[in-house]
Protein chains: 2
Amino acid sequence: MQGKIEKCDIICVNHDAVERVTKDMMDNEFLQKMAGIFKVLGDPTRVKIVHCLSKEELCVCDLAQVLEMSISAISHQLRVLRDRRLVRHRREGKIVYYSLDDHHIVNLLRECEDHVNHD
Amino acid sequence: MQGKIEKCDIICVNHDAVERVTKDMMDNEFLQKMAGIFKVLGDPTRVKIVHCLSKEELCVCDLAQVLEMSISAISHQLRVLRDRRLVRHRREGKIVYYSLDDHHIVNLLRECEDHVNHD
DNA sequence: AGAACATTTGAACAAATATTCAAATGACAA
DNA sequence: TTGTCATTTGAATATTTGTTCAAATGTTCT
């Protein structure tokens with residue numbers, strides 16, 4: 001897996017730095033979760049959905065209309081968001097209303113927003 | 001593109017809500033940028049790299065050693081991070097040192113960290 | 001010049017993913 | 001029940017993406 005690392009050992013690698021950073025490394029499971037959260041938001045459609053739902057509760061049709069996309073596409077993405085517990089759903093007759101389950105996520109959006117603005 | 005939306009118009013769609021949310025919608029370019037940032041961080045390898053570099057400057061070999069991955073794989077990911085301006089590089093002889101270009105990103109990491117912890 | 005080494009790059013491949021289409025639920029009304 | 005509508009789901013497809021391998025840079029030393 002690590003092809004030419006042996007030749008690197010003596011000259012190039014800063015062992016102290018490697019040891020320091022390795023010691024402070026978060027464990028793999030934690031990092032996987034972090035990357036997971038970023039990945040969910042790493043799609044324009046899903047960011048839009050989350051942004052919309054941060055304003056108010058909406059049904060699938062509403063979202064499809066706002067995003068100008070097919071209902072099926074929206075529903076698929078809502079399922080992803082639901083699996084990750086970002087979004088909650090509530091049935092009222094035939095209509096299913098979606099809202100943010102995890103309002104903490106909005107902070108991430110805002111932070112990212114600031115970042116883009118500060119560019 | 002929007003298959004069954006016509007039938008939805010009268011009964012299911014809440015026109016007021018749609019109009020409100022549509023009005024408050026960020027423009028597409030902005031959302032694309034936001035999703036772009038999240039996408040870059042939506043990979044375990046890259047989160048690890050950014051996390052390492054938030055501690056101290058490191059060369060490619062160091063990173064490969066810390067992450068236990070091939071130098072080529074690391075280099076490819078560093079290029080992605082470089083293209084997105086998250087990371088800066090500095091050459092010293094044969095060795096190329098990488099460091100965070102955009103320290104603002106660390107806030108995003110921290111916010112995400114909090115989120116995972118608060119689970 | 002040549003050798004040795006750190007890094008980059010491009011092609012290739014496998015795995016993940018977003019959207020579309022068609023069919024299946026689930027709810028309500030006639 | 002039958003029909004209609006909102007939503008979900010599964011299969012299929014096209015695209016994106018992470019890693020590997022081999023070859024190419026760029027640097028230093030002799």
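By convention in this document, chain letters (A, B, ...) are assigned in the order of the sequence lines, proteins followed by strands, and residues within each chain are numbered from 1.
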In terms of heavy-atom contacts, does [atom1] of [X] have more than 12 from other residues, nucleotides or ligands at under 6.0 Å?
X         : atom1 : answer
Arg82(B)  : CZ    : yes
Arg110(B) : CZ    : no
Arg85(B)  : CZ    : no

Are [X] and [N] close enough that a side-chain N or O sits under 4.0 Å from OP1 or OP2?
X        : N       : result
Ser75(B) : dT9(C)  : no
Ser70(B) : dT19(D) : no
Lys39(B) : dT17(D) : yes
Arg79(B) : dT9(C)  : yes

Gap between atoms [atom1] and [atom2], on [X] and [N] respectively (whole Å):
X        : N       : atom1 : atom2 : result
Asp43(B) : dT16(D) : CG    : P     : 17 Å
Gln77(A) : dT7(D)  : CD    : P     : 16 Å
Ile74(B) : dT9(C)  : CD1   : C1'   : 16 Å
Glu68(B) : dT20(D) : CD    : C1'   : 18 Å
Ile71(B) : dT9(C)  : CD1   : P     : 15 Å
Arg82(B) : dT7(C)  : CZ    : P     : 12 Å
Ile49(B) : dT7(C)  : CD1   : P     : 13 Å
Asp83(A) : dT8(D)  : CG    : C1'   : 13 Å

Pair His115(B)-Asn107(A), side-chain donor/acceptor within less than 3.5 Å |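 No.
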
Can you list, by residue number, the residues of residues 90-101 of chain B that have a non-hydrogen atom closer than 4.0 angstrom to DNA chain C?
->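 Close to the strand are Lys94(B), Ile95(B), Val96(B), Tyr98(B).
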
Hey, does Ser54(A) have a side-chain heavy atom less than 4.5 Å from the side chain of Leu109(A)?
-> no

Just jot down the ring-ring contact (aromatic ring centres under 6.0 Å, His included) partners of Tyr98(B), sequence neighbours excluded, or say none.
-> His89(B)

Side-chain contact check for Cys59(B): nearest option of dT20(C), dT8(C), dT7(C) is dT7(C)

Basic-acidic side-chain contact under 4.0 Å: Asp24(A), Arg20(A) | no

Bend across the helix from dA1(C)-dT30(D) to dA30(C)-dT1(D), to 10°, with axes taken over 5 pairs at each end?
-> 10°

Under 3.5 Å, is there an N or O donor on one side and an acceptor on the other linking the side chain of His76(A) and the base of dT7(D)?
-> no

Donor/acceptor link under 3.5 angstrom from Ser72(B) side chain onto base of dC21(D) = yes

Joint hydrophobic cluster, Leu86(B) plus Tyr97(B), side-chain heavy atoms closer than 4.5 Å = no

Nearest atoms (heavy-atom pairs only) where Thr45(A) meets Leu67(A) =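 For Thr45(A) and Leu67(A), the tightest heavy-atom pair comes out as O-CD1, 3.9 Å.
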
Looking only at non-hydrogen atoms, find the nearest pair between Pro44(B) and Ala35(A) and report the distance.
->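 Heavy atoms only, the tightest pair is N-CB, 3.6 Å.
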
